[in-house]
Amino acid sequence: VQLQASGGGLVQAGGSLSLSCAVSRDSSNMYFMGWFRQAPGKEREFVATISANGGRTVIGDSGKGRFTISTNDVGNTVYLRMNNLNSEDTAIYYCAAGRATNSGSFSRLAVGYEYWGRGTQVTVSS
């Protein structure tokens with residue numbers, strides 16, 4: 001499984017940004033997907049997750065009401081739409097994939113993910 005995140009950049013507070021994660025994976029396994037972020041001096045934080053069948057999504061507390069996670073029809077791209085950004089959203093954002101035991105499973109925990117992309121920097125200026 002290979003993951004490539006993109007779409008990060010500099011945005012003003014109150015603005016929006018969409019991140020993408022291109023997923024290259026084997027077809028013999030199901031994977032749930034997630035986004036995590038890590039700010040300087042802080043631990044990695046859960047942002048959002050989506051089940052293998054795309055039917056279940058969970059947004060972390062920091063992004064509720066502002067962030068949305070989704071996939072394209074073929075499931076090879078995962079998106080994170082972020083609205084009303086503030087300075088606390090400044091971080092490196094990572095996409096991750098975890099092997100799913102069933103099509104509806106997902107995880108809020110970083111340890112639940114076996115595969116990680118390199119991350120994309122999001123900087124919100126106030």
Side-chain angles (χ1 to χ4, degrees):
V1 177
Q2 294 183 329
L3 307 170
Q4 181 63 55
S6 61
L10 176 65
V11 62
Q12 289 187 333
S16 298
L17 206 59
S18 288
L19 305 182
S20 298
C21 178
V23 183
S24 175
R25 58 190 173 188
D26 60 277
S27 59
S28 60
N29 292 295
M30 295 183 295
Y31 296 90
F32 53 81
M33 302 298 299
W35 286 95
F36 290 78
R37 69 186 186 185
Q38 189 165 17
K42 295 187 177 181
E43 294 188 355
R44 190 164 294 190
E45 177 188 13
F46 166 71
V47 176
T49 181
I50 186 166
S51 61
N53 62 9
R56 302 179 71 182
T57 62
V58 177
I59 305 297
D61 290 342
S62 61
K64 283 182 178 177
R66 302 185 300 129
F67 294 0
T68 305
I69 186 171
S70 62
T71 64
N72 63 353
D73 289 342
V74 297
N76 62 2
T77 306
V78 181
Y79 305 99
L80 182 69
R81 175 67 177 179
M82 304 183 291
N83 296 322
N84 194 21
L85 289 161
N86 58 63
S87 59
E88 293 184 351
D89 296 316
T90 294
I92 298 175
Y93 284 70
Y94 299 89
C95 64
R99 194 167 297 174
T101 55
N102 61 73
S103 62
S105 62
F106 57 87
S107 178
R108 299 176 181 87
L109 302 177
V111 295
Y113 294 81
E114 293 91 351
Y115 306 98
W116 292 81
R118 294 183 61 181
T120 185
Q121 175 72 47
V122 172
T123 303
V124 184
S125 63
S126 57

Determine, using the 4.5 Å side-chain heavy-atom cutoff (strictly less than), whether Val47 and Leu19 are members of one ILVMFWY cluster.
yes
Can a donor-acceptor pair be found, under 3.5 Å and without considering hydrogens, that links the side chain of Thr57 to the backbone of Ile50?
no
Please indicate whether Glu88 has more than 12 foreign heavy atoms, meaning atoms of other residues, nucleotides or ligands, lying under 6.0 Å from its CD.
no
Between the side chain of Asn72 and the main-chain N/O of Thr77, is any donor-acceptor distance below 3.5 Å?
yes
Check: Val23 and Tyr31 side chains under 4.5 Å, non-hydrogen atoms
no
Can you confirm whether Asp26 is buried at CG, in the sense that more than 12 heavy atoms of other residues, nucleotides or ligands lie under 6.0 Å from that atom?
yes
Are the side chains of Cys95 and Leu3 in touch, meaning some heavy atoms are under 4.5 Å apart?
yes
Does any non-hydrogen side-chain atom of Val122 lie less than 4.5 Å from one of Val124?
yes
Ile59 versus Lys64, closest heavy-atom pair with distance:
O-CE, 3.3 Å
Show me the donor-acceptor pairs within less than 3.5 Å that the side chains of residues 7-18 make with the rest of the protein, sequence neighbours left out.
{"residue": "Ser16", "atom": "OG", "partner": "Asn83", "partner atom": "OD1", "Å": "2.9"}
{"residue": "Ser18", "atom": "OG", "partner": "Arg81", "partner atom": "NH1", "Å": "2.9"}

Do the side chains of Met82 and Asp89 get nearer than 4.5 Å, heavy atoms only?
no
As an exercise, state the distance from CZ of Arg25 to CE of Met30, rounded to the nearest 0.5 Å.
10.5 Å
Using 30° and 60° as the class boundaries, would you call the ring planes of Trp116 and Tyr94 parallel, tilted or perpendicular?
perpendicular
State, with a plain yes or no, whether a side-chain heavy atom of Val1 is found less than 4.5 Å away from one of Glu114.
no
Considering all heavy atoms of both residues, which atom of Phe32 and which atom of Ser105 are nearest to each other, and what is their separation?
CB-O, 3.3 Å
Atom of Gln121, atom of Ala91 and distance for their closest heavy-atom approach:
NE2-O, 3.4 Å
Heavy atoms only: give me the nearest Tyr115-Arg99 pair and the separation to one decimal.
OH-NH2, 3.1 Å
So the side chain to side chain donor-acceptor pair (under 3.5 Å) pairs with at least one residue in residues 42-55 (sequence neighbours excluded) are Arg37-Glu45, Glu45-Ser62, Thr49-Tyr113, Ser51-Asn53, Asn53-Ser103
So, using ring pair (Phe, Tyr, Trp, His ring centres under 6.0 Å) as the criterion, who are the partners of Tyr93 when residues are at least two apart?
none
With rounding to the nearest 0.5 Å, note down the distance linking OH in Tyr79 to OG1 in Thr71.
8.5 Å
Between CD1 on residue Ile92 and OG1 on residue Thr123, distance to nearest 0.5 Å:
9.0 Å
Reported OG-to-CG distance for the pair Ser125 and Leu85, which is rounded to 0.5 angstrom:
10.0 Å
Distance from Gln4 atom CD to Thr120 atom OG1, nearest 0.5 Å?
8.5 Å
Would you mind reporting whether Phe67 and Trp35 have side-chain heavy atoms less than 4.5 Å apart?
no
